[in-house]
Amino acid sequence: MSDDKKLPTRAEDFSAWYNDLVLKSELADYSPVRGCMVTRPDGYGIWERMQLALDQMFKATGHRNAYFPLFIPESFLKKEASHVEGFAPELAVVTHGGGSKLEEPLVVRPTSETIIYHMFSKWLQSYRDLPFLYNQWANVVRWEMRTRLFLRTTEFLWQEGHTAHATHEEAEIETRQMLGVYRTFMEQWMAMPVITGQKTDSERFAGAVRTYSCEAMMQDNRALQAGTSHNLGQNFSKAFDLTFQTEAGGIEHAWNTSWGVSTRMIGGLVMTHGDDNGLQIPPRLAHTEVVIVPIWKTDEEREMVFAMAHTVKAAISGRERGLAGRITAHVDDRIGIKPGAKYYHWELRGIPIRMEIGPRDVAANQCVLVRRDVKGKNAVSLDGVLETIHAMLDTMQNDMFAAALARREANSFRGDISYDRFKEIMAGPGGFVYAGWNGDPAVEAKVKEETKATIRCIPDPEFRSAEAPARCMVTGEPAKYEVIWAKAY
RNA sequence: CGGGGCGUAGCGUAGUCCGGUAGCGCGCCUGCUUUGGGAGCAGGAGGUCGCCGGUUCGAAUCCGGCCGCCCCGACCA
């Protein structure tokens with residue numbers, strides 16, 4: 001698909017803007033199978049950058065990658081009561097293989113707790129074997145009723161960490177640690193501010209004792225759960241007989257955690273940073289940081305600027321080949337397309353920096369740099385241009401985070417908010433509402449019924465209001481928790 | 001599964017009410033002129049009008065059935 005001239009604007013129709021942007025920027029396309037999507041090279045390039053950063057962080061915290069199979073015996077899913085209940089409606093089940101009916105149907109993994117803890121039980125004997133710190137990069141299938149590109153598709157790519165520990169405390173520390181890793185990644189790589197906190201019982205993962213999440217605010221003021229980390233307690237270890245001998249000689253069940261982030265984050269990236277002209281990829285996740293657009297009139301000028309463009313590219317790029325301190329650059333040397341058309345083309349695709357090189361620049365040994373986020377042309381010397389670019393990318397990364405954070409805070413509501421006022425907010429602009437809650441699931445259900453908003457999390461201390469809400473927003477009873485309400489994806 | 005849209009060239013669409021040789025814009029190909037914010041001219045390629053059946057001399061258009069996609073709701077990362 002080539003660039004169309006116009007996207008729908010965010011103000012007009014946020015949902016149409018998102019779909020159109022994902023398609024036109026060539027991140028992804030619909031597949032012939034309903035609910036499935038194809039991740040195209042520009043989209044996959046972002047995923048690869050995400051994987052690289054996260055994988056290093058997992059390794060740095062002691063985890064190792066492994067791979068468990070796609071097919072899981074159907075009976076495994078049924079071993080943990082709340083797990084079955086949670087996943088049964090969305091399972092894809094294989095009943096035939098090799099031309100004949102299978103004795104036991106195979107489930108296509110919706111997540112891998114069951115198969116992994118089954119295998120762990122085979123490998124675990126002594127407390128000396130613990131902890132088990134595993135991660136796997138995989139695809140999973142969940143048969144969703146309604147799907148959206150990146151945000152919710154039948155099959156998606158993710159990473160799932162699975163660990164086993166000797167004590168509950170250790171498992172809790174691991175759960176919190178990985179939530180922190182996600183937060184760091186989302187803030188520092190994605191330039192997407194998140195609020196960390198604990199899920200209420202109704203939003204907890206099927207099979208977990210406790211679920212924590214990272215919640216981000218999209219530009220339509222709805223919340224996106226961008227990552228989760230679960231303390232599974234002994235639920236799965238009991239279901240799968242995951243036991244070990246203790247130092248004292250007794251037999252105990254291990255304590256598990258699991259945690260995951262998916263290609264859904266790409267959707268979050270689009271809805272956090274995209275504007276009416278297209279994507280904005282934060283520099284640290286850009287598959288290409290700089291696109292060079294040569295400008296010329298005559299054939300001689302063309303030869304001159306092409307030569308300069310390629311010389312500059314050679315001097316600054318090489319990251320993709322592993323050269324330290326370099327970036328990835330692309331020269332748009334298509335002829336017959338005007339520079340302006342190229343600018344729009346690369347803006348749509350969210351490339352962080354555009355470098356223009358024309359005859360005047362060559363003569364002055366300079367180039368013009370334009371940031372995707374703030375625009376504005378900067379003439380800079382070609383001497384030391386790589387350093388200039390690095391500095392610009394760093395500034396841009398920080399500015400994008402700051403802008404997203406400012407937007408989130410501008411659309412957050414704290415203080416004494418009445419339920420009537422809350423309804424107005426949810427029916428109108430939306431946003432994050434910090435409010436007291438008496439802890440009653442019935443209240444949560446009632447609010448969801450009446451406003452579509454749900455409790456996104458019980459925020460961690462640093463995100464809580466200076467003064468804790470004293471009363472429940474709905475019932476007026478003493479508040480047990482401060483919670484964040486929002487409409488969610 | 002309920003409600004609402006929509007299926008005509010790669011994309012966007014007109015034509016459907018009122019049956020009569022399938023049109024336009026963008027994109028694509030060739031050539032020339034252009035190129036510091038979406039180029040111009042000339043020529044050209046590209047169509048089982050979602051599918052099946054019916055009515056008719058004749059169907060994109062009328063009738064019956066089916067399929068698919070998108071949006072809104074019930075499920076979820």
Side-chain angles (χ1 to χ4, degrees), chain A residues 1-6 8 13-16 18-20 23-24 29-36 85-91 110-111 140-160 182 199 202-206 208 211 213-216 223-230 258-268 277-278 293-299 301-302 305-306 332-348 354-362 366-368 370 375-377 379 448-449 452 454 456 488-489:
Chain A
M1 189 196 308
S2 287
D3 311 5
D4 279 345
K5 296 266 160 92
K6 276 217 178 69
D13 186 343
F14 192 81
S15 179
Y18 175 81
N19 286 334
D20 233 46
L23 294 172
K24 289 209 173 95
D29 203 350
Y30 293 105
S31 103
V33 176
R34 188 194 123 82
C36 293
E85 197 185 327
F87 283 105
E90 48 191 74
L91 294 180
T111 179
V140 288
V141 168
R142 296 180 187 177
W143 217 266
E144 302 288 353
M145 292 170 168
R146 244 186 96 197
T147 56
R148 292 198 70 192
L149 294 168
F150 288 117
L151 301 173
R152 180 170 297 108
T153 48
T154 301
E155 179 189 7
F156 58 93
L157 302 179
W158 78 345
Q159 144 289 306
E160 49 180 323
Y182 289 157
K199 287 296 196 182
S202 69
E203 298 270 332
R204 202 177 55 213
F205 174 72
T211 289
S213 72
C214 294
E215 302 284 333
L224 182 78
Q225 179 174 302
T228 50
S229 186
H230 315 289
S258 69
W259 26 275
V261 292
S262 72
T263 40
R264 180 182 234 204
M265 291 191 295
I266 297 172
N277 294 317
V293 178
I295 295 158
W296 71 91
K297 282 193 171 68
T298 65
D299 287 352
E301 284 174 346
R302 186 182 67 207
V305 296
F306 270 32
D332 188 347
D333 52 13
R334 291 177 294 173
I335 53 175
I337 295 178
K338 297 189 76 165
K342 293 181 180 180
Y343 303 163
Y344 283 104
H345 178 91
W346 297 109
E347 282 168 8
L348 174 64
R354 175 175 85 237
M355 177 189 291
E356 302 170 11
I357 299 182
R360 296 201 295 270
D361 300 309
V362 175
Q366 65 168 32
C367 65
V368 171
V370 182
K375 311 282 170 63
K377 304 199 176 196
K448 182 176 182 180
E449 172 74 27
K452 307 289 180 209
T454 50
R456 299 325 303 154
Y489 274 95

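Every chain is numbered from 1 and lettered A, B, ... according to where its sequence line falls, protein lines coming before strand lines. Values in this document were obtained by computation on a predicted structure and should not be read as measured data.
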Visitor: Identify whether any heavy atom of A:E356 sits under 4.0 Å from a base atom; if not, whether one sits that close to sugar-phosphate; answer base, sugar-phosphate or nothing.
Guide: base

Visitor: Name the closest nucleotide to the A:A341 side chain, picking from B:rA77, B:rG37, B:rG38.
Guide: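 Output: B:rG38.
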
Visitor: B:rG12 pairs with which nucleotide, Watson-Crick or G-U wobble, both distances below 3.5 Å?
Guide: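 B:rG12 is paired with B:rC24.
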
Visitor: Decide whether A:E347 and A:N277 meet the rule of one side-chain donor and one side-chain acceptor closer than 3.5 Å.
Guide: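 Side chains of A:E347 and A:N277: no pair found under 3.5 Å.
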
Visitor: For B:rC49 versus B:rG15, give the span between their C1' atoms, rounded off to a whole number of Å.
Guide: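 After rounding to an integer number of Å, I get 11 Å for this pair.
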
Visitor: Flag the pair A:E215 and A:K199 as a salt bridge only when some basic side-chain nitrogen lies within less than 4.0 angstrom of an acidic carboxylate oxygen.
Guide: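 Between A:K199 and A:E215 there is a salt bridge, with a charged N closer than 4.0 Å to a carboxylate O.
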
Visitor: Just to be sure I understand the rule, does A:R354 reach a base, reach only the sugar-phosphate, or reach nothing, if contact means heavy atoms closer than 4.0 Å?
Guide: base

Visitor: Roughly how far apart, to the nearest Å, are B:rG20 and B:rA59 at atom C1'?
Guide: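 Straight-line distance between the two C1' atoms is 10 Å.
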
Visitor: Taking the minimum atom-to-atom distance to the side chain of A:R264, which one of B:rG38, B:rG37, B:rA77 wins?
Guide: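 Closest nucleotide among those given: B:rA77.
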
Visitor: If you measure only the distance, is there a donor-acceptor pair under 3.5 Å linking the side chains of A:T454 and A:R456?
Guide: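 Result is yes, a qualifying pair exists.
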
Visitor: Remember a base hit wins even if backbone is also touched, and classify A:T454 as base, sugar-phosphate or nothing at under 4.0 Å, heavy atoms.
Guide: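 Counting heavy atoms under 4.0 Å across all strands, no contact is made by A:T454.
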
Visitor: A:G340 or A:G227: which one's nearest nucleotide on RNA chain B is closer to the 5' end?
Guide: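 The residue mapped nearer the 5' terminus is A:G340.
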
Visitor: Rounded to whole angstrom, note down the C1' distance from B:rC71 over to B:rA60.
Guide: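 Here B:rC71 and B:rA60 have their C1' atoms 25 Å from each other.
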
Visitor: Quantified in whole Å, what is the C1' atom distance between nucleotide B:rC17 and nucleotide B:rG47?
Guide: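 One C1' to the other, the span is 25 Å.
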
Visitor: Looking across every strand, which nucleic acid part, if any, lies under 4.0 Å from A:N19 by heavy atom: base, sugar-phosphate, or nothing?
Guide: sugar-phosphate

Visitor: Quantified in whole Å, what is the C1' atom distance between nucleotide B:rU30 and nucleotide B:rA45?
Guide: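 Rounded to whole Å, the distance is 10 Å.
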
Visitor: For B:rG2, what is the paired nucleotide under Watson-Crick or G-U wobble rules, both distances under 3.5 Å?
Guide: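 WC or wobble partner is B:rC72.
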
Visitor: Applying a 4.0 Å non-hydrogen cut-off, can you work out what A:L151 is touching in the nucleic acid: base, sugar-phosphate, or nothing?
Guide: base

Visitor: Give A:I337 one of three labels, base, sugar-phosphate or nothing, depending on what nucleic acid heavy atoms sit under 4.0 Å from its own.
Guide: base

Visitor: Only pairs with both distances under 3.5 Å count, Watson-Crick or wobble alike; so what is the partner of B:rC32 in this structure?
Guide: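 Looking at the geometry, B:rC32 pairs with B:rG40.
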
Visitor: Describe the nucleic acid contact of A:Y30 in one word from base, sugar-phosphate, nothing, applying a heavy-atom distance below 4.0 Å.
Guide: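 Sugar-phosphate contact only.
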
Visitor: Of the candidate nucleotides B:rC75, B:rU35, B:rA77, which contains the atom at the shortest distance from the side chain of A:W296?
Guide: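 Ranking B:rC75, B:rU35, B:rA77 by closest atom to the A:W296 side chain puts B:rU35 first.
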
Visitor: So what does A:E347 touch, heavy atoms closer than 4.0 Å: a base, only the sugar-phosphate, or nothing?
Guide: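 If one applies the 4.0 Å heavy-atom cut-off, A:E347 turns out to touch a base.
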
Visitor: A cation-pi test, strictly: NZ or CZ of A:R354 under 6.0 Å from the centre of the six-membered ring of A:Y343 and no more than 45 degrees from its axis. Yes or no?
Guide: yes

Visitor: What is the distance, rounded to the nearest whole Å, between atom CZ of A:F87 and atom P of B:rC75?
Guide: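 Those two atoms, CZ and P, are 16 Å apart.
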
Visitor: Reckon A:V368 touches a base, only the sugar-phosphate, or nothing at all at heavy-atom distances under 4.0 Å?
Guide: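 The answer is base, as A:V368 lies within the cut-off (heavy atoms under 4.0 Å) of a base atom.
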
Visitor: Heavy atoms from C-beta onward define the side chain here; which of B:rC71, B:rC76, B:rU35 lies closest to that of A:R148?
Guide: B:rC71

Visitor: Tell me which nucleotide among B:rC76, B:rA77, B:rC71 gets nearest to the side chain of A:R152.
Guide: B:rC76

Visitor: Select one nucleotide: of B:rG36, B:rA74, B:rC69, the one nearest the side-chain heavy atoms of A:P359.
Guide: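 Per side-chain heavy atoms of A:P359, the pick is B:rG36.
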
Visitor: NA contact type, A:R360, heavy-atom cut-off 4.0 Å: base, sugar-phosphate, or nothing?
Guide: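 Base: the residue A:R360, judged by heavy atoms under 4.0 Å, touches a nucleobase.
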
Visitor: Any side-chain donor paired with an acceptor under 3.5 Å for A:H230 and A:T211?
Guide: yes

Visitor: Could you tell me if A:S15 and A:R148 have a donor-acceptor pair between their side chains, going purely by distance under 3.5 Å?
Guide: yes

Visitor: Check every atom of B:rG37, B:rG36, B:rG73 against the side chain of A:K452 and return the nucleotide holding the closest atom.
Guide: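 Minimum distance to the A:K452 side chain belongs to B:rG73.
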
Visitor: Report yes or no: is the ring centroid of A:Y343 under 5.5 Å from the six-membered base ring centroid of B:rG37, with the two planes under 30 degrees?
Guide: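 Whether judged by distance or by angle, A:Y343 falls short somewhere, so it does not stack on the base of B:rG37.
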
Visitor: Quantified in whole Å, what is the C1' atom distance between nucleotide B:rA14 and nucleotide B:rG23?
Guide: 7 Å

Visitor: Output the rounded distance in Å from CD (A:E301) to C1' (B:rU34).
Guide: 13 Å

Visitor: Consider the side chain of A:K338, meaning its heavy atoms from C-beta on, and name the nucleotide among B:rC75, B:rG38, B:rA39 that approaches it most closely.
Guide: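 Nearest to the side-chain atoms of A:K338, counting from C-beta on, is B:rA39.
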
Visitor: Quote, to the nearest angstrom, the C1' distance that separates B:rG25 from B:rG46.
Guide: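 Straight-line distance between the two C1' atoms is 15 Å.
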
Visitor: Please figure out whether A:R204 or A:K342 has its closest RNA chain B nucleotide nearer the 5' end.
Guide: A:K342

Visitor: Using Watson-Crick or G-U wobble geometry with both distances under 3.5 Å, which nucleotide pairs with B:rC62?
Guide: B:rG54

Visitor: Take atom C1' in B:rG50 and the same atom in B:rA9, then report the distance between them in whole Å.
Guide: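 Rounded to whole Å, the distance is 15 Å.
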
